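In this text, all values refer to a predicted model and were calculated from it rather than measured experimentally. When a residue number appears, it is its place in the shown sequence, counting from 1.
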Amino acid sequence: FYFYSAPENFSEEMLRGKRVIVTGASSGIGEQMAYHLAHMEAHLLLTARTEAKLQKVVERCLELGAASARYISGSMDSPTLPQELLREAENTWGGLDMLILNHIGHSGFTYFSGDVGHVRKLMEINFVSYVALATAALPLLKESEGSIVVVSSIAGRIAGPFTAPYSATKFALDGFFSSLRQELIIDKVNVSITLCILGYINTESAVSAVSHVIPDTPAPKEECALEIIRAGALRRRELHYPPRAMGTMLLAHSIAPELLDSLIRSSYRLENVRRT
Ligand SMILES: NC(=O)C1=CN([C@@H]2O[C@H](COP(=O)(O)OP(=O)(O)OC[C@H]3O[C@@H](n4cnc5c(N)ncnc54)[C@H](OP(=O)(O)O)[C@@H]3O)[C@@H](O)[C@H]2O)C=CC1
Ligand SMILES: CC(C)CCC[C@@H](C)[C@H]1CC[C@H]2[C@@H]3C(=O)C=C4C[C@@H](O)CC[C@]4(C)[C@H]3CC[C@]12C
């Protein structure tokens, strides 16, 4: 079924000494992934825009036991940052084992305003930079038989209201990386691609964007971060987290998409959506 067999059981030792890049590592799920990986004694190269936050995360990673930890700050709308990061990995480690693509640009939770420029910019940050990073990393990952982990969302499989530009960027990731996975298998290249389909997670940015509209309790970012690392290490095709809620949504979407759409609309506090 698969030309190589993936490991069945996860243990923290799988990450010991591994060389890992995490994007969007200054806050939220990316920050939590950095802490888990540090505890597992991985080598870390972190990135995001805010240098002051990255400095603190790197410090904490070293306290937690990271084999090494450094950062490069910059915005993913810069076309040179992906190559800069991979050059750093090659120069300091001589290779790379895992690339975790997690960053997103800011997007509101509201009716589509008609701002096409915002869509273009978000595509650049949330999608094109992922392609550029994976492209720059592929030679190193081929050598190490490493892994690419792409953090996406249920909003990248099922489109709900108020996330049109964001959803588009996440659907694009699925199209690109699912096609690339097929090509790697055809070419017998042993680099795994894991797509993470996440539900509502309790990061500061998500809670402040949607808690006035979405009454659900968000899932914990710490556990979410660990599940992403585990799925990547086990070379899984996809992660669904939280598993039961995402499983139910995806099943409902395939059986009765219109019914699910209407349930989603009726579960939101529409009167609280801020029109900009
Ligand atoms: N939280 C949730 O409910 C859900 C999250 N997800 C996915 O999980 C991932 C992480 O989300 P979450 O932790 O909530 O997000 P956060 O907003 O907490 O973190 C986003 C990270 O991206 C960085 N970032 C923002 N803009 C840029 C930029 N222009 N260039 C480079 N880096 C940038 C931020 O740092 P800085 O500002 O310093 O650059 C930060 O480190 C995303 O891929 C998201 O789509 C999926 C489903 C639900
Ligand atoms: C079937 C689904 C479309 C609807 C149900 C689940 C809803 C409640 C969940 C699932 C995915 C979630 C969003 C997400 O992926 C990422 C972000 C980016 C962040 O910066 C702001 C919040 C936002 C828009 C989340 C909002 C809440 C969403 C729509």
Side-chain angles (χ1 to χ4, degrees), residues 22-24 28-30 32-33 76-77 99-112 116 118-135 147-182 192-203 205-207 209-210 213-214 216 218-219 221 224-225 227-232 236-258 260-261 263-265 267-268:
V22 183
T23 74
I29 300 164
Q32 297 305 317
M33 288 193 282
M76 285 294 175
D77 52 16
L99 174 67
I100 305 184
L101 301 171
N102 165 76
H103 65 277
I104 47 169
H106 181 77
S107 59
F109 188 71
T110 186
Y111 294 91
F112 177 54
V116 180
H118 167 68
V119 177
R120 203 169 273 134
K121 187 171 170 197
L122 209 60
M123 267 293 176
E124 197 66 42
I125 298 168
N126 292 9
F127 171 65
V128 180
S129 74
Y130 279 46
V131 174
L133 283 157
T135 304
S147 306
I148 300 174
V149 177
V150 177
V151 180
S152 186
S153 165
I154 187 72
R157 271 284 158 78
I158 306 170
F162 314 127
T163 55
Y166 171 81
S167 266
T169 68
K170 293 298 196 185
F171 271 74
L173 289 173
D174 194 350
F176 183 87
F177 283 97
S178 299
S179 178
L180 183 66
R181 187 195 290 112
Q182 288 277 56
S192 63
I193 296 182
T194 302
L195 186 70
C196 305
I197 309 285
L198 308 182
Y200 184 21
I201 312 298
N202 69 356
T203 64
S205 64
V207 170
V210 304
V213 180
I214 292 168
D216 308 7
K221 60 186 177 185
C224 177
E227 289 303 314
I228 294 171
I229 294 164
R230 182 202 299 263
R236 293 271 151 81
R237 174 193 178 87
E238 277 186 14
L239 167 70
H240 298 163
Y241 180 88
R244 287 214 16 208
M246 293 308 99
T248 307
M249 288 255 193
L250 293 167
L251 186 65
H253 177 66
S254 67
I255 297 172
E258 281 184 297
L260 179 66
D261 279 0
L263 288 175
I264 290 169
R265 289 194 300 273
S267 72
Y268 286 14

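With values rounded to the nearest 0.5 angstrom, I29 atom CD1 is found 9.0 Å from K221 atom NZ. To the nearest 0.5 Å, atom NZ of residue K121 and atom CG of residue N126 are 11.0 Å apart. Rounded to the nearest 0.5 Å, atoms CG (L198) and OH (Y241) are 9.0 Å apart. Once rounded to the nearest 0.5 Å, the distance linking CG of L101 with CD1 of I148 reads 7.0 Å. Atom CD1 of residue I104 and atom OG1 of residue T169 lie 8.0 Å apart, to the nearest 0.5 angstrom. Here E238 contributes atom CD and C196 contributes atom SG; the two are 9.0 Å apart, rounded to the nearest 0.5 Å.
Formation of a donor-acceptor pair under 3.5 Å by the S167 side chain with backbone atoms of A164 is not found in this model. In this structure, the side chain of T135 engages the main chain of V131 through a donor-acceptor pair within 3.5 Å. Between the side chain of S178 and the main chain of G175, no donor-acceptor pair closer than 3.5 Å is present. When atom types are taken as modelled, the side chain of T23 and the backbone of N102 share a donor-acceptor pair closer than 3.5 angstrom.
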#### Entry: I229/M33 under side-chain contact (heavy atoms from CB on, under 4.5 Å): CA gap, chis, key distance, verdict
CA-CA 7 Å; I229 294 164; M33 288 193 282; 4.2 Å; yes

### Query
Can you list the steps and then say if V207 with T203 is a side-chain contact (heavy atoms from CB on, under 4.5 Å)?
CA-CA 6 Å; V207 170; T203 64; over 6 Å; no

#### Entry: Residue pair R181, R237: steps toward the side-chain contact (heavy atoms from CB on, under 4.5 Å) verdict
CA-CA 9 Å; R181 187 195 290 112; R237 174 193 178 87; 3.7 Å; yes

### Message
For D174 and L195: C-alpha separation, side-chain torsions, deciding distance, then whether side-chain contact (heavy atoms from CB on, under 4.5 Å) applies.
### Response
CA-CA 7 Å; D174 194 350; L195 186 70; 3.5 Å; yes

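Side-chain contact between H103 and Y130 is present, with at least one heavy-atom pair separated by less than 4.5 Å. Contact of the V149 side chain with the L99 side chain is not registered, since no non-hydrogen atoms from C-beta on lie closer than 4.5 Å. In this structure, the side chains of L250 and I154 come closer than 4.5 Å at one or more pairs of heavy atoms.
For the pair S129 and M76, the tightest heavy-atom approach, listed with the atom from each and the gap, is CB-O, 3.5 Å. In this structure, L260 and A252 approach most closely via the heavy-atom pair CD1-CB, 4.1 Å. The heavy-atom pair separating P165 from F112 by the smallest distance is CG-CD1, 4.1 Å. The minimum heavy-atom distance between S153 and Y166, with the atom names listed, is CB-OH, 3.4 Å. Here the closest non-hydrogen pair linking T194 and A231 is OG1-O, 3.7 Å. Closest of all the heavy-atom pairs between S107 and L122 is CB-CD2, 3.8 Å.
Using cut-offs of 30° and 60° for the angle between ring planes, the F109 and F162 rings count as perpendicular.
The pair R236-E227 fails the salt-bridge criterion, with no side-chain N (NZ, NE, NH1 or NH2) lying under 4.0 Å from an Asp/Glu carboxylate O.
Counting only N and O atoms by type, the side chains of S205 and H106 include no donor and acceptor under 3.5 Å apart.
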